[in-house]
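The structure appears below as structure tokens.
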Amino acid sequence: MMIFRLIIFVAVVSLLVVAYRKLTAPGKKPSAPTDAATMKKCEHCGVHLPESEACREGDKYFCSAEHRKAYLEHHDSSE
Ligand SMILES: [Zn+2]
């Protein structure tokens with residue numbers, strides 16, 4: 001009957017190890033809600049930059065206020 005105890009013991013330890021690994025898994029984190037990964041393209045010069053650093057005009061993004069101004073001068077909106 002020792003063999004059954006051994007099997008149960010191994011099974012319990014395996015479950016504990018799996019549960020522990022799931023709790024402490026360092027691999028996959030849920031996608032962080034930072035906008036650092038969101039890259040936007042400057043409509044004027046085409047450079048890519050993080051959304052947090054971009055100048056926004058409507059649904060368009062620019063690398064700088066100068067390029068936003070330059071773009072708007074060339075692309076007059078009818079507003
Ligand atoms: Zn630009």
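Indexing begins at 1, ligand by ligand and atom by atom, following the structure's order. Because the structure is a prediction, the values reported are computed rather than measured.
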Atom [atom1] in [X], atom [atom2] in [Y]: separation rounded to 0.5 Å?
X: Glu43; Y: His74; atom1: CD; atom2: NE2; value: 14.0 Å
X: Phe62; Y: His67; atom1: CZ; atom2: NE2; value: 10.0 Å
X: Met2; Y: Phe9; atom1: CE; atom2: CZ; value: 10.5 Å

> Met39 versus Pro50: any side-chain heavy-atom pair under 4.5 Å?
Replying inline: yes
> With the 4.5 Å side-chain cut-off for hydrophobic clustering, are Val18 and Val10 part of the same group?
Replying inline: no
> Linking I/L/V/M/F/W/Y whenever any side-chain heavy atoms sit under 4.5 Å apart, do Tyr20 and Leu16 land together?
Replying inline: no
> Leaving out waters, which are not shown anyway, how many protein N, O or S atoms lie closer than 2.8 Å to the Zn ion (ligand 1)?
Replying inline: 4
